[in-house]
Structures are given as C-alpha cells and as structure tokens.
Amino acid sequence: MIYINNNKEFHLTNGMISYICRVEEKTGVLEQLYFGSAIPHQPTFDYLIEREIRPSNNFKKEDHTSSLEHIKQEMPMYGTTDFRYPAVEVQYPDGDAISHFNYSNYRISNKKRKIPNLPTSFYDEAEAETLTIVLKDRYSSLTIEMDYTIFKDFPIISRQNHIVHHDDCRYQLMRFMSMSLDLPIDDCDWLHLDGAWARETQVKRDKLHSGLQQISSTRGASSHIHNPFFAICEKSATEFQGDVYAFSLIYSGNFVGQIEVDTYRISRVQMGINPYQFSWQLEKGDVFSSPEVIMNYAQNGFNEMSRNFHAFFKKHLIRQTWASKERPVLINNWEATYFNFDESKIQALAQEAADLGIELFVLDDGWFGHRDNDASSLGNWQVDKRKLPHGIRSLSQKIHEKGLKFGLWFEPEMVSMDTPLYQAHPDWIVGHPQKNISHGRNQYVLDFSQNCVIDCIFEQMDAVLKACEIDYVKWDMNRYISEAYSVSLGKQRQGEFFHRYILGVYALYEKLLAKYPDLLIESCAGGGGRFDPALLYYAPQTWTSDDTDAIERLKIQYGASMVYPLSAIGSHVSEVPNHQVARMTSLKMRSDVALFGTFGYELDVTKLSQREKSQVKNQIILFKKHRMLLHTGTFFRLQSPFNGNVCAWMVVSENQTEALIGYYQILAEPNPPYQRLRLKGLNADFDYTIWEKEQVRTGKDLMAVGLIFGENYIDRASDFWQRQMAGDFSSKLIYLTRNKMQS
Ligand code: DGJ
C-alpha cells in the first residue's frame, strides 16, 4: 500500500484513494502533491508539481521558485517564507519562532504506535500500514515524526504527529496540528455540525470564502457548539454524489478545525489541538503527540462519507467488546423522577420496565450524598441512605433479580461545595485560588491534570462498582471550564492545562476499563457536549442530547449520523408534553425516531395506560427484532429534516437481504402532493417483500421508482377512506426482506 520513489516520493494507495507527498529538493520540506481517488502508481510524480515565479520572499538565495508561500506542504512552519498559518510553532530559547523542519528519513510499520492515555484507532497487522516520515529541525535537535496510516479496506488515512526533544534546551511548543493538508481547491462548500445545549449536531453548509474559516472549542470539551468534524465538498455535492473530503479528530478537548483559502486557490486544511491558550514545555527526552485525525475521502457524497466513518469507527476505534455486541434496551429514571425518588419508586419503575421487556435499568443523577438538587454532593459518591436505605448493592441485586441489568450515573470530573472533598482539597479545583472561580450548574471542576485527583475519584467509583452488580455506567459532565489554572503546574506550564486535563479524563477511563473490561459506558456531557470519536473509543454510546423531543431529535440524530454510527447515538422515548419543548407527539412517532439509535425509555412507565403499555411492549419486541440490523447494517440518509417537512432514513443489512426504513412527516399538509421515497443500498437483482404493503418489488425498482406512499390525503379521511387522520408529527416504519422464493 505504500510506494516510495527514489527515497523522495511517497505514495499511499489502497485502490480507493491515493495520498502523495514528496521531499522538496530546494527547501527540504515535505511537499503535498495529491489526495483524492486512487491514481495508478508512476515511477515519478514530478508532473504533479506546480511552480510559478511570483512576487514573494524566496527561501533560497538567487532563486525565485523557492517561496514556501507557493508550495503545498505537509508540515508548514513559521520563518520559511510561508505566511499562512503553520502546523507547528516552536518558541526557541532566544524567544523567536523561526523553524525549519527538513526531511530526514522514513520508516514503514504495520504496528500501531500506542500513546498512553490518548485514544487512537487500532488495527491488526494485515489491516493497515503506517508510514512515518521524520523531519529534523535545522536550528535545534527537535525532530517531528509524522505518522500516515493507510487502511486496507477504507478510503481513509489517519494522521498523527509527534515532536521529539533530544537536547538540553527548553522549547515551548505553541502550536502542533494533527494534520495540515494543502488542497488545490477553493470553489467548494464546507459542512460542519453546530449547535448548543439541547440543540446539538445541526448540519451547516457554507460556501468556502477566501481567508480563514474555522470551527473550534475553547471550553475544555469538544462541546455542543461545534463537533470536531468538518467536510469540504464540491458545490454540487449531495448526499449521493460529489467529492467530499472529511476530517474527524479523535479528541475531546479544545480543538480547532480550519480552512484557510489563499489567494492562489489553495485551501490549507488543518485540524488539531486548539493553539488558543495552549503551550507545552518540551524538555529533554519528551515526546509530545498530537491527537489522531481521520481523513476520509468519499467520491459519492455525504452518505458515502458517513458510511466510511461508521464502518471505520466500528472496526478500528470502538472497543471491540462492545463494537458489535447487542446493546440493551434501557430505561433511565431521569425524566421520570429527576432528583425526587426513593427505593420503592425505583423498584416500581424497574418492575414495570422488566414486565415491558426492557433489559437495563439506569439509575441517573441523585442517588449519592444528599443530592436533592443540582447544588449538592458531586464528588461524594456514597449512597444516599435517605433515598436508598438498603444501599446500592442491595438495589443492584434486586434489579438483577427482576431480570434487568443495572446501570449507574456518575459525574466523575465534578465537585459540589457542600462535600468533604471540596472542603479538604481546595487545591484540587480548577481555577486560580486568588481569582474568581465561576460555577456552572452550581458545580466546580476537579483538576484532572493531577494524578492524585484521578486516583481519589477512581477509588470512590471502584468502591461502588466492586461492591455492587453494575453492568453500565453513564459518565456525565455538565459544565465547561472557564478559568483554566492548576495549582500543581508551574507558571511555565499553565498552557498545558487543558490538554493535561483531557488526558486525565482518558486516564480515568483507562483505569476503570482495565479493572472492569466488560462495563458498558455511555458518555454524556449535558447531552452531546462531548460527542466525539475519542470518547467512543472507551464508551461505545453517547447520550446525544438532553432534548428528547422526537421532532427535534430528527435533526439532532440526522446530524450526528454524519459521523457517528447508530449504535453510538443514545436515543430514548420520553413523555409528552415533552420536557424541553412541550410538544405533543404520538408514542409511535417517539419510538420510530428512537429506534434509529441505541433505543431506550426515559419516562414514568408506571403511569402508562394499559394500551400504552402494550404499545411499548410491541415497540421493544420490534427493536429487539431489528437491533442487529440497526446496529450492524449500513445506514442511509434519504431525506433531510433540514430541507423540508419530511425526514427519511434506512438501514440495510450487510448481505442486503433486509432493510428497515423510517419515514417522518413533521407537519400535516392538506391535500398534499403525492409522495415517493427512492431507496438506497438494496441489491438491484433481489426481489423484496414489503411487509407493510404485502407487496413484492425488485431492488432495482425500489431504488429507481421508490416506495409509493398513498394514504396521505387527510381531509375527512375517516369519512371517505375509513382511516384515521395522521395529523402533525406522523411516522411510518417499512420493513423489507428478500423474497424467500428467491433466496
Ligand atoms: C445531563 C444529562 O444529559 C441528563 O441525561 C441527566 O443525566 C442529567 N445531566 C443529570 O444531572
């Protein structure tokens, strides 16, 4: 998969993509030549080099084509005639930032480098190869090792950089991107996922303009505001056609993703740790590694891009214990009780849940300390005996006796003022002790850059986990960091805080999973405030949003599916009027939306009518029947809720013998136009039975003509057509199987 021409041209290809770079002979820097669909290997790629004599500063004396401003690069740096944003910036002992990282050597390996407490993709030896190109600084003994991993079965290259310090001087690393890619395109759009609390992963598509465009986080978490993902696409690209270059960062902290379109129509694409408030002191022997970025090239639009991400994450990122294991149907008591519960209420909920066919009971916030509201007890992970007089162990046993698994909520990174932990360790709280420290939801952030803090929280969690029968943990995080400061770091090292904090979060995940490898963890940060690939490495599912309204969820889940597989998208049926938007939707609509995710319930099931209970039972049977299809099949978005009144999506099994389609109409329309839905991903030559219609149609026909929906006319429908009017917020599920006669 990796070709090298004359020790100076590198071609990574797997039949789907090619990535080509070379050593630029005049300057010694690494020059980017091509990234896109696979092209045949050639003895030389000289023909891809573009040079013009332009007014500019030139690197070499008496030379007019050595301006790095005009050379597409892989590791641009400051002080080399390039005026665009660099990928690496080092402050030298003299205070300057002039670097010159030259090509030194390369090596190829089929083993993945493992960085302690930093999640990365993984692979078996036959599945990928890594090219490491080593650059050496002309002005110091610093070296940079650039890892390019090409995967056999995916149009994906992952990138990670490591800077290595070899001498006695101190250098301050000010900026260190995970990737920098100069693409010769500018007449494009870019797509990203924006949002806010309860309104995450909203799809945004903008035209690329000249200059800088950026998404980022400065909040200490990847954040609700921007997901660490973006894609550049042809203007004409749609869900099913057009070139798409997509980038997803395996990181949960402050990140930046940016495109700098220069005046010569080169788009410099960068992603990595946000340099804002970042610096890292390098001392002898130190290696600083960037997070890994996944670069995904799709030739056929956004659906293909997403399918690449989904399959790649399931195979090469999500913990294999859970990647394709059946996810339990859960009930979470949060919206049913909030903080107001006792043991009998929990037992009643659990009993009803078991009777309905639910498989996992999750006890959410409020079981510890004396947490009757959000101003109390975080950091004191002792059961509240007022609410649960027999303790968690006894509760977990009783829940298991009902045939349910048991899960528990923690918010490990936080502390409330009324706890012994807060009183005893003011030095464990993030913030400057002599300056204001803000609260968020009445809580303070524990300094996870300190190992002793991580150890203390681990011990507390471990005490609960080992004493009880716990199968699942929901790891929540409900505020951002606004005054980054750690008393344990010297003044030279405060710029390291944010990264050290997130490494500390990963360290606690590692510790917990080392001891409890089968634990199912669901990550959460006030909903989707940390829905990112790095946490998927540990926690195979994420609570996608605190907004549980089915209509809002269409957009949120549609957006999340751009990057994340359905098996990662936490989705629950909640009560109506909905708690976030007060909307009334049918139980069917709520379940039909939640089905395309991990699926669970978050309402007081004891209050359901008999009719509703039997509906819920059937929904659970339906989910269990389709669970593996939903979580291991191929997902297609068919109609976007961002474009109109209808949302539709479907999942097709890997062998194309079955498919499930979700079709959602937001508002009812009088005298509506005819509606059709063209399907995707079926086998053109198979005959499929459409169970809802008792109709047999070929895959070819279903993909060319589509499903034809009648029964949309709603005026006096019951008089004329003997059927109920669907009204606003209606949904259909359509199930297809390959016709048995044929198989
Ligand atoms: C925010 C989460 O997103 C909710 O699901 C719930 O767990 C609350 N926190 C509890 O405080």
Side-chain angles (χ1 to χ4, degrees), residues 195-201 219-225 227 252 330-341 345-346 349 360-381 384 387 406-416 418-419 439-446 461 470 472-480 520-532 535 539 541-550 552-553 556-557 560 564 568-575 578-581 590 594 597-604:
W197 172 78
R199 187 160 45 78
E200 298 86 342
T201 52
R219 297 162 184 258
S222 45
S223 92
H224 303 84
I225 316 298
N227 203 269
S252 315
L330 68 80
I331 183 158
N332 179 304
N333 71 309
W334 179 241
E335 287 199 9
T337 65
Y338 294 105
F339 297 105
N340 185 18
F341 59 83
K345 180 70 203 169
I346 296 303
L349 279 173
L360 162 68
F361 184 90
V362 180
L363 182 58
D364 208 278
D365 196 354
W367 59 267
F368 50 90
H370 47 272
R371 188 157 162 96
D372 296 332
N373 55 48
D374 65 17
S376 171
S377 303
L378 295 169
N380 174 13
W381 300 105
D384 182 349
K387 290 180 187 174
F406 182 62
L408 208 52
W409 181 95
F410 287 92
E411 193 171 358
E413 299 152 72
M414 298 295 155
V415 66
S416 307
D418 64 353
T419 55
H439 76 93
R441 206 195 189 203
N442 302 304
Q443 65 201 44
Y444 297 87
V445 186
L446 286 172
M461 290 177 80
I470 297 185
Y472 162 110
V473 159
K474 177 172 171 186
W475 177 325
D476 205 347
M477 195 284 286
N478 281 293
R479 64 158 290 183
Y480 295 129
L520 173 58
I521 306 185
E522 179 154 347
S523 77
C524 172
R530 249 183 357 197
F531 200 158
D532 59 61
L535 287 193
Q541 54 194 63
T542 301
W543 180 229
T544 314
S545 178
D546 274 351
D547 192 340
T548 57
D549 172 65
E552 296 300 309
R553 276 298 188 121
I556 295 168
Q557 293 177 205
Y564 308 106
I569 297 179
S571 51
H572 300 168
V573 174
S574 61
E575 74 171 27
N578 172 266
H579 291 197
Q580 292 75 42
V581 293
R590 283 174 271 154
T598 58
F599 198 67
Y601 288 80
E602 188 165 335
L603 76 178
D604 189 342

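Both ligands and their constituent atoms are indexed starting at 1 by order of listing.
- Ring geometry, Trp367 versus Phe410: the interplanar angle exceeds 60°, so the pair is classed perpendicular (tilted spans 30 to 60°).
- At a 4.0 Å cut-off, not a single heavy atom of Glu335 sits close enough to ligand 1 to count as contact.
- At a heavy-atom cutoff of 4.0 Å, ligand 1 is contacted by no atom of Asp374, backbone or side chain.
- Taking atom 7 (O) of ligand 1 as the reference point, the nearest protein heavy-atom neighbour is Asp364 OD1, 2.7 Å.
- No N or O atom of Arg371 sits closer than 3.5 Å to an N or O atom of ligand 1.
- Aromatic pair Trp334/Phe339: centroids less than 6.0 angstrom apart.
- Closest protein heavy atom to atom 9 (N) of ligand 1: Asp476 OD2, 2.7 Å.
- Atoms of ligand 1 found under 4.0 Å from any heavy atom of Asp546 (numbered from 1 in listed order, with element): 1 (C), 2 (C), 3 (O), 4 (C), 5 (O).
- In terms of polar-atom proximity, defined here as any N/O pair under 3.5 Å, Trp334 makes no such contact with ligand 1.
- Among protein heavy atoms, atom 11 (O) of ligand 1 sits closest to Asp365 OD2, 2.6 Å.
- Near Cys524, the atoms of ligand 1 lying under 4.0 angstrom from a non-hydrogen atom of the residue are 2 (C), 3 (O).
- The shortest distance between side-chain heavy atoms of Gln580 and Thr548 falls below 4.5 Å.
- Not a single N or O atom of Phe339, backbone or side chain, sits closer than 3.5 Å to an N or O atom of ligand 1.
- Close approach of ligand 1 to Trp543 (heavy-atom distance below 4.0 Å) involves ligand atoms 3 (O), 5 (O).
- Counting only heavy atoms from C-beta outward, the side chains of Phe406 and Leu363 approach each other to under 4.5 Å.
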**OP:** Dump the intermediate steps for side-chain hydrogen bond (donor to acceptor under 3.5 Å, both in side chains) on Ser252 and Ser222, then the final yes or no.
**Re:** CA-CA 5 Å; Ser252 315; Ser222 45; 5.3 Å; no

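- When only interatomic distances are considered, the shortest N/O to N/O separation between Glu602 and ligand 1 does not fall below 3.5 Å.
- Ionic pairing of Asp365 and Arg371 is present here: one or more N-O contacts between side-chain nitrogen and carboxylate oxygen are shorter than 4.0 angstrom.
- Residue Gly526 has at least one heavy-atom neighbour below 4.0 Å for each of these atoms of ligand 1: 1 (C), 3 (O).
- Contacts of Arg441 with ligand 1, taken as heavy-atom pairs under 4.0 Å, involve the side chain alone.
- Heavy-atom contacts from other residues, nucleotides or ligands closer than 6.0 Å to CG of Asn340 number 12 or fewer.
- If you check which protein heavy atom lies closest to atom 5 (O) of ligand 1, you get Lys474 NZ, 2.7 Å.
- The distance from the CH2 atom of Trp381 to the CD atom of Glu411 is 6.5 Å, given to the nearest 0.5 Å.
- Taking every non-hydrogen atom of Gly527 and a distance limit under 4.0 Å, the qualifying atoms of ligand 1 come out as 3 (O).
- Residues Tyr564 and Asn227 have side chains in contact (heavy-atom distance under 4.5 Å, counting atoms from C-beta outward).
- Asp374 and Asn442 share a donor-acceptor pair across their side chains, judged by distance under 3.5 Å alone.
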